[in-house]
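Comments concern the structure below.
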There are 2 protein chains.
Amino acid sequence: MAVTIKDVAKAANVAPSTVSRVIANSPRISEKTKEKVREVMKQLGYHPNFIARSLASQATRAIGLVLPSSTDIVSQNPFFPIVLGGLSDGAHSKQYALHMTTGKTEEEIFEGVVSMVQGGRVDGVILLSSRVEDPLVSYLLEQDFPFVVIGKPFKNVEQITHVDNDNFKAAKDATNYLLSLGHEQIGFIGGNLNLVVTVERLLGYEKALRDAGLPLINEYVIHDEFLREGGREAVQALLALKKLPTAMLVADDLMALGVLNALDELGISVPEDVSIVSFNNVLVAEMARPPLTSVDINIFDLGYEAAKSLIQKIENPKEPTKRIIIPYELVKRSSCAKPTKKTLTL
Amino acid sequence: MAVTIKDVAKAANVAPSTVSRVIANSPRISEKTKEKVREVMKQLGYHPNFIARSLASQATRAIGLVLPSSTDIVSQNPFFPIVLGGLSDGAHSKQYALHMTTGKTEEEIFEGVVSMVQGGRVDGVILLSSRVEDPLVSYLLEQDFPFVVIGKPFKNVEQITHVDNDNFKAAKDATNYLLSLGHEQIGFIGGNLNLVVTVERLLGYEKALRDAGLPLINEYVIHDEFLREGGREAVQALLALKKLPTAMLVADDLMALGVLNALDELGISVPEDVSIVSFNNVLVAEMARPPLTSVDINIFDLGYEAAKSLIQKIENPKEPTKRIIIPYELVKRSSCAKPTKKTLTL
DNA sequence: TTGTATGCGTTATCAA
DNA sequence: TTGATAACGCATACAA
């Protein structure tokens with residue numbers, strides 16, 4: 001059995017409560033006894049028991065992380081390891097631990113969160129992605145349990161602390177960049193419309209086109225799951241059109257990789273025939289052929305700030321609701337060029 | 001305050017211990033009272049408090065996960081989200097939760113694990129990568145704390161339950177495949193030699209060459225960090241040679257992506273000039289151009305089996321040490337071809 | 001089959 | 001400045 005506060009107390013000839021106060025560094029304990037107790041703690045190799053501490057203090061110093069479905073291909077996105085790094089950093093700096101939950105189905109995930117929350121395993125929760133009509137958000141609001149969303153909440157935006165990029169503006173900027181190059185037929189390939197981020201990027205794209213006085217062509221907007229098949233199917237859908245776009249805004253780097261792939265197979269070259277801009281700027285954007293122009297959304301910071309603001313909320317329940325906007329930056333690489341005069345048709 | 005076992009007891013006119021037994025589904029409680037109690041639990045919205053349960057039962061039903069440095073570029077590898085999915089699945093199926101720790105430096109990670117273990121936050125630990133001379137392994141062995149390593153332990157192999165691929169044989173097979181295509185100058189580009197997996201793959205590569213009666217050429221073996229710069233620098237090092245290899249075994253898909261990139265910039269084509277085989281078979285292997293021949297190591301299963309075997313170990317301390325070998329498979333794609341007659345020189 | 005009483009390792013509220 | 005002692009919510013040995 002591990003050495004407890006009582007063992008230390010006995011060895012130091014003080015009461016357990018005194019030891020507890022020394023651990024908390026209470027100012028009401030004399031320096032002399034503090035040192036004595038600390039000495040004994042070291043000698044005995046004492047480590048505080050988090051479980052007992054949590055039960056007594058009604059606080060776990062643990063943050064619950066809700067990941068999307070583990071089997072979902074989305075979870076293969078490098079976005080998650082990176083955001084995890086930021087979360088870990090932010091939590092660690094305040095001595096908080098991370099607790100994870102995920103599951104194969106929506107229901108499993110929901111149940112996992114409920115048991116984490118009701119079971120008192122964590123002091124707060126971070127949702128790693130913002131979904132449309134997410135029952136988890138309703139649940140957490142109802143319970144008045146501290147939580148932070150990474151991304152823009154679908155509704156109740158004013159009541160939910162969240163950390164986000166301005167994805168609307170980012171998409172508008174990215175589209176404007178393509179417009180500034182001279183493109184007028186610009187396609188949009190987005191992921192799952194259940195993710196708020198997809199919607200925001202789509203809206204930004206549309207706004208830019210409208211502002212430029214260009215028509216919104218339905219056939220130029222394609223939605224699909226992020227990633228692999230996504231890119232391919234999207235390209236195939238575009239190819240069914242008479243008039244191909246000369247540029248595409250793709251909602252995710254990995255998806256853009258799929259698009260590059262599909263285009264290559266068809267002998268369509270980037271950026272000569274089609275320009276591409278994507279989002280997130282993870283490692284593969286730089287490593288793609290050609291390297292992708294991509295909107296860097298500072299994923300690490302999203303995680304870091306989310307952890308920080310959740311902890312603030314936990315430690316000060318009166319903390320007002322916050323919206324933290326992480327800056328983005330369009331990183332230009334060689335996947336974009338001016339459109340060629342001829343319109344590419346097959 | 002949340003509803004407790006006492007509230008349920010009162011409402012159901014039984015003793016708290018009876019409620020506790022109903023929760024544990026003790027056979028010594030009549031079906032009638034069980035139903036009655038369950039009914040009340042539902043009505044009151046009772047949820048067991050994990051913290052209290054942990055303290056009383058001296059078990060947390062939580063597994064500690066040790067990730068490599070969060071800032072390390074290695075953590076951007078899709079390997080982690082995938083293995084996490086497997087771990088989550090395995091843990092979930094036995095009602096275990098996941099607790100994470102990581103840090104910026106080795107020391108931070110070590111301290112995190114110590115506090116997790118000594119603090120009683122978890123019942124066991126899984127090391128997500130096997131490092132050479134890992135102080136964590138020594139520590140956990142010393143403490144006689146249940147743990148499982150993903151990968152081959154550097155030493156004390158017989159005393160440490162681990163889940164691994166036969167990376168030695170996998171590398172041998174992969175090299176033999178290149179040999180069978182007719183390649184005789186085969187390079188090896190590996191990652192950090194602190195990772196046991198790198199060493200194993202290198203040894204397998206060397207064995208295959210020796211078995212084939214081919215010389216081991218020092219200059220053909222290059223080590224670098226996994227990922228980005230890795231690939232590039234490795235290729236540059238190879239290019240400094242008079243006689244380029246006609247094929248390369250690359251220890252990681254992402255790194256291979258970097259290699260592809262660097263080769264492309266130099267106008268060297270794959271597979272016409274150089275064939276490439278890599279490891280892990282994550283999504284990008286399929287999405288690379290050309291698609292990479294890669295050894296699929298069933299990452300998800302590594303995680304799943306690791307969770308399962310740790311839980312077995314936790315629940316039955318007499319459980320013998322196990323080594324679980326997950327099968328691999330060489331997935332052939334178009335990054336390999338027979339060598340051209342001419343030797344490529346610059 | 002069920003109830004009573006104690007302990008798990010802390011924190012926190014009283015006293016002293 | 002310190003020491004008893006009662007929670008915290010649950011599991012379990014022992015009684016009944």
Inset, instruction - Ignoring hydrogens and angles, state whether a donor on the side chain of Ser30(A) or Thr33(A) is under 3.5 Å from an acceptor on the partner side chain. - result: yes
Inset, instruction - Output yes when Glu158(A) and Arg323(A) qualify as a salt bridge under the 4.0 Å nitrogen-oxygen rule, no when they do not. - result: no
Inset, instruction - Report yes if at least one side-chain N or O of Gln58(B) is closer than 4.0 Å to OP1 or OP2 of dG9(C); otherwise report no. - result: yes
Inset, instruction - Rounded to the nearest angstrom, tell me the gap between atom CG in Leu55(B) and atom P in dA7(D). - result: 17 Å
Legend entry - Residue Lys36(A) excluded, over 12 heavy atoms near NZ under 6.0 Å: yes
Legend entry - Residues Arg61(A) and Asp123(A) bridged, charged N to O under 4.0 Å: no
Inset, instruction - Could you tell me whether the phosphate oxygens of dT10(C), OP1 or OP2, come under 4.0 Å of any side-chain nitrogen or oxygen in Ser54(A)? - result: no
Using a cut-off of under 3.5 Å, enumerate the N/O to N/O pairs linking the protein to nucleotides 10-13 of chain D.
unit_1	atom_1	unit_2	atom_2	d
dC10(D)	OP1	Tyr46(B)	OH	2.5
dC10(D)	OP1	Asn49(B)	N	3.2
dC10(D)	OP2	Ile5(B)	N	2.5
dA11(D)	OP1	Arg53(B)	NE	3.0
dA11(D)	OP2	Ser20(B)	OG	2.7
dA13(D)	N6	Arg21(B)	NH2	2.8

Legend entry - Gln312(A): side chain to side chain donor-acceptor pair (under 3.5 Å) partners, not counting sequence neighbours: Lys322(A)
Legend entry - Interatomic distance where NZ belongs to Lys36(A) and P belongs to dT1(D) [whole Å]: 14 Å
Legend entry - Rounded interatomic separation in angstrom, taking CG from Asn13(A) and P from dT2(D): 13 Å
Legend entry - Side chain of Val14(A) - closest among dG3(C), dT2(C), dG3(D): dG3(D)
